[in-house]
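Read the structure below first, then the notes.
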Amino acid sequence: MPMVPVTAANAPLTVALIGNFPPRKCGIATFTDDIVQTLARYHPEVTLRNCAIQNSTDPVAHDAMFAELLKDDRAAYADLAQAINRDQPDMVWLQHEYGIFGGPDGEYVLDLVDRIAAPLVLTLHTILRDPSPGQERIMRRLVACASQVMVMNRGGRDLLIEKYGQDPARVSVIEHGAPDHPLRLSTQAVPGTPRILMTFGLLSPGKGLETAIEALPAIVARHPEVIYRIVGVTHPNEVRHNGEAYRDSLRALADRLGVAHHIEWVDRFVDTPDLVDMLEACDIYLTPYPNLQQSTSGTLSYAVALGRAVVSTPYAHARELLGDIGGMLVEPHDPVGISAAVNELLDDPERLADLQTRTYQRGRSTVWQHFADGARNLLNQAAPHAVASLPVRPAPAHPSLTAFEALCDGTGMLQHGRGIIPDRNHGYCLDDNVRALMLVNRLYWLDDNAALRMSSPFASFLQHAWNAERQVFRNFMNYDRSWCEDEGSPDSNARAIWALGDTFENSRVAGLREWALHGFDSYAKMARDLTSPRAVCFAGLGAAAVLRVRPDHELAHQLAVRCGAMLSGLLADASRPEWVWFEDVIAYDNARLPQALIECSHVLGHSDWVDLGFDSLRWLMERQFPDGVVGGMYRPAGSDSFGKPGEFLPFDQQPLEAWATIDACVTAIRLGDRSAPWFDYATRTWQWFLGDNDRQAVLADPRTGICLDGVTRHGANGNCGAESLLAYHLAHYAYAGLRDHAEQSRGTCHVIGSAEPH
């Protein structure tokens, strides 16, 4: 057998497949099992990790599964996401139907998809045109999380785009698969030979079978040899709530109409081979469903692929499969229409055979091999595209300052750009300008003149931002240099104090160091009133920087004590064995909290607080590297985690987190801590910028110095803001210093915070 080269189209993939599975008796279980069997036959390079939904009130004994999800146990959804993330599949393929998941409208499924790190592929078995508010909220969240959505008809795709706002590029139509069998036409009518009508599926009031039974008297009056074969057990939910009341009502209706002896009840769950035999034996297949919102019918796909003539109500799937071949469509609740359509076909055997032939030809595009190829293509579209090469270490050259300088002018640094071009509509902010000042402090290769020239606009912006009347800094400035506010956020105020301390410690320009210390003395008093933990920690980092140069500086000492006392107190109050953190939520700039506690405590000589800081930093690293640092991937807490107690959600991932993580590792290494592999943590975090992330998205381009705004579920965020660009550059210089420290046994080590004496 010739060797088939491995290409992107047939490269090995591992997929976590979530849905109902046999022996559960439902259409989705059958469909999911068909996926397993079909991919194994046509695309064996796809390895499936099957995750079955289990129901405690109606349990079934699944064969070997990767995991079972207990439907009504909300905590189980987060547990399954963690298990999948640990297994690191290439993607997750979720079968969705509202009723198969727990909670109102099946909302517990959101607890699963919010936590999945791998790309999500979503198959929607129902798309409602008129959903309830809860159903619409769930659907919008699901499609927002999905990298690719599979629907089974064009109408579903259009509805998903028009009503739910889905990106057309992320919606694929793959028709429901069906068996590939030779066409078996109905035999010519022979007196006394039964003509078989058939309906298959789990019985429930939504199937409209009463309408088909009401049509029987007019059918058997002209074709007394007709048998209507109703195949399938009653839906388990219907049995649980109402027993066999629906089936009994159908039997009673048939008795009243005098057609009971024309109905054959096959009251059992039929496996695929038996179903195929029954379909091939029937003349006409009926789907009298009253719900025209029904997206898909697997049994209709089977009937069409096997060349059965179909009489159906015009729900979306039926319109698409039958509309272009002359299929017989009748309105819901219309027994006269059904009887007329059936009699018209049975009256004319040649027309019946012709319709069966055309139906069979239409069904060729739905056979399982076509479905398998379409599914494999869908998975390929969802898979992250690997970068061509991923350096183990960054290139020796520093990133170009081109993009940085393009965002700067005589006023300072603008907030946003469209690619590399500044966007003046958003003006400036103090946050970015003080970070820009800190970046210049790290450009150790500049001479004093160049450093002063580059620093001046940012230092001037900081100075001008001070509102002497209110004794606080302003933050946002319009492009015309008018201030948008009289008082900036606590974080922006504290970052200004941090930048002043950083400049005093690290600037190579004596005049800038003097200016920074004077500014710290003039402005930092306001930091004594800060109450936000992150604002206190930013000010604390600035205070620690001052104290490393001037250990006797009283104001810096006060701020460092306040920072250490607040953070250690928060940690003592909020921490528990499984949550060694300062708050019950994970937010932004997370590594700064333990970093500030460690740095302030160290300059104060408070060893107990230092130990607490390292406890929380190690805990954070373990969560950011859930698979371990050896071979693992940096996965910072995403912005989806904000405001959600106890959560550590994977998206959206921000460059600011990566810079903070590397800086915290710098602190640990500078202080000689050996309790964790800090350099390895920093290395893996640096590689996050280069494409070693959950979407293999390359964020940074060292040729221009540009950096995109983070990693989303769908890849890189294409925006480019000053915050992200600065985080990349600052992370580079922090990591470059660590690399030099690791590679050189002696010589200059450019690790910020261990600057030359002044």
Q | Stepwise salt bridge (Lys or Arg N to Asp or Glu O under 4.0 Å) test for D502 and R442 | A | CA-CA 10 Å; D502 183 86; R442 284 145 177 80; 2.9 Å; yes

Q.
ring pair (Phe, Tyr, Trp, His ring centres under 6.0 Å), that's the test. Do W659 and H729 meet it? Break it down for me.
A. CA-CA 9 Å; W659 170 39; H729 284 260; over 10 Å; no

Q: Evaluate the salt bridge (Lys or Arg N to Asp or Glu O under 4.0 Å) criterion for residues E599 and R592: first the C-alpha distance (whole Å), next the side-chain angles of each, then the deciding distance (0.1 Å), finally the verdict.
A: CA-CA 10 Å; E599 292 197 9; R592 297 298 179 193; over 6 Å; no

Q.
Pair L656, R435 - check side-chain contact (heavy atoms from CB on, under 4.5 Å), show working.
A. CA-CA 11 Å; L656 211 61; R435 292 187 190 106; 3.9 Å; yes

**Q.** Criterion side-chain contact (heavy atoms from CB on, under 4.5 Å) on Y681 and T661, from CA distance to verdict
**A.** CA-CA 8 Å; Y681 283 139; T661 296; 5.6 Å; no

Q | Derivation and outcome, salt bridge (Lys or Arg N to Asp or Glu O under 4.0 Å), residues D692 and R635 | A | CA-CA 10 Å; D692 191 7; R635 181 180 295 148; over 6 Å; no

Q: Carefully, step by step, assess L17 and M65 under the rule side-chain contact (heavy atoms from CB on, under 4.5 Å).
A: CA-CA 10 Å; L17 179 63; M65 290 281 151; over 6 Å; no

Q: Take R74 and E107, measure what side-chain contact (heavy atoms from CB on, under 4.5 Å) needs, and give me the verdict at the end.
A: CA-CA 10 Å; R74 187 162 195 169; E107 71 174 3; 4.1 Å; yes

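Considering L593, D573, N590 in turn, L593 is the only one that fulfils the side-chain contact (heavy atoms from CB on, under 4.5 Å) rule with F582.
Side-chain atoms of Q653 and E657 include no donor-acceptor pair closer than 3.5 Å. In this model, a donor atom of one side chain and an acceptor atom of the other lie less than 3.5 Å apart for E97 and T126. Counted by atom type alone, S575 and W581 present zero donor-acceptor pairs between their side chains at under 3.5 Å. Side chain to side chain, W579 and D584 fail the donor-acceptor criterion of an N or O pair below 3.5 Å. In summary, the side chains of R24 and Q54 do present a donor paired with an acceptor at a separation below 3.5 Å, with no hydrogens or angles considered.
Side-chain N or O atoms of D701 include none that pairs as donor or acceptor with a backbone N or O of I706 at under 3.5 Å. Looking at N85, its side chain does come within 3.5 Å of a backbone N or O of R115 through a donor-acceptor pair. Looking only at distances, no side-chain donor or acceptor of S601 sits under 3.5 Å from a matching main-chain atom of S607.
D87 is linked by a side chain to side chain donor-acceptor pair (under 3.5 Å) to R49, counting only residues two or more places apart in sequence or in another chain. For S492, the side chain to side chain donor-acceptor pair (under 3.5 Å) criterion is met by S489, not counting sequence neighbours.
For the atom pair H714 NE2 and D652 CG, the distance stands at 8.5 Å (nearest 0.5 Å). The distance from atom NZ of K71 to atom OH of Y77, rounded to the nearest 0.5 Å, is 7.5 Å. Taking CG of N55 as the start and OG1 of T57 as the end, the distance is 3.5 Å to the nearest 0.5 Å.
Between Y728 and W686, the distance from one ring center to the other falls under 6.0 angstrom.
For H602, the NE2 atom is loosely surrounded, since the number of other residues' heavy atoms within 6.0 Å does not exceed 12.
Ring-plane geometry between Y634 and W688 is classed as perpendicular, the angle between the planes exceeding 60 degrees on a 0 to 90 degree scale with a lower cut at 30.
Comment: R618 does not engage E622 in a salt bridge, judged by the lack of any side-chain N to carboxylate O separation of less than 4.0 angstrom. Ion pairing of D694 with R713 is absent here, as no side-chain N (NZ or NE/NH1/NH2) approaches a carboxylate O to less than 4.0 Å.
The side-chain tip of R534 points at the ring of Y588 from less than 6.0 angstrom away and within 45° of straight on.
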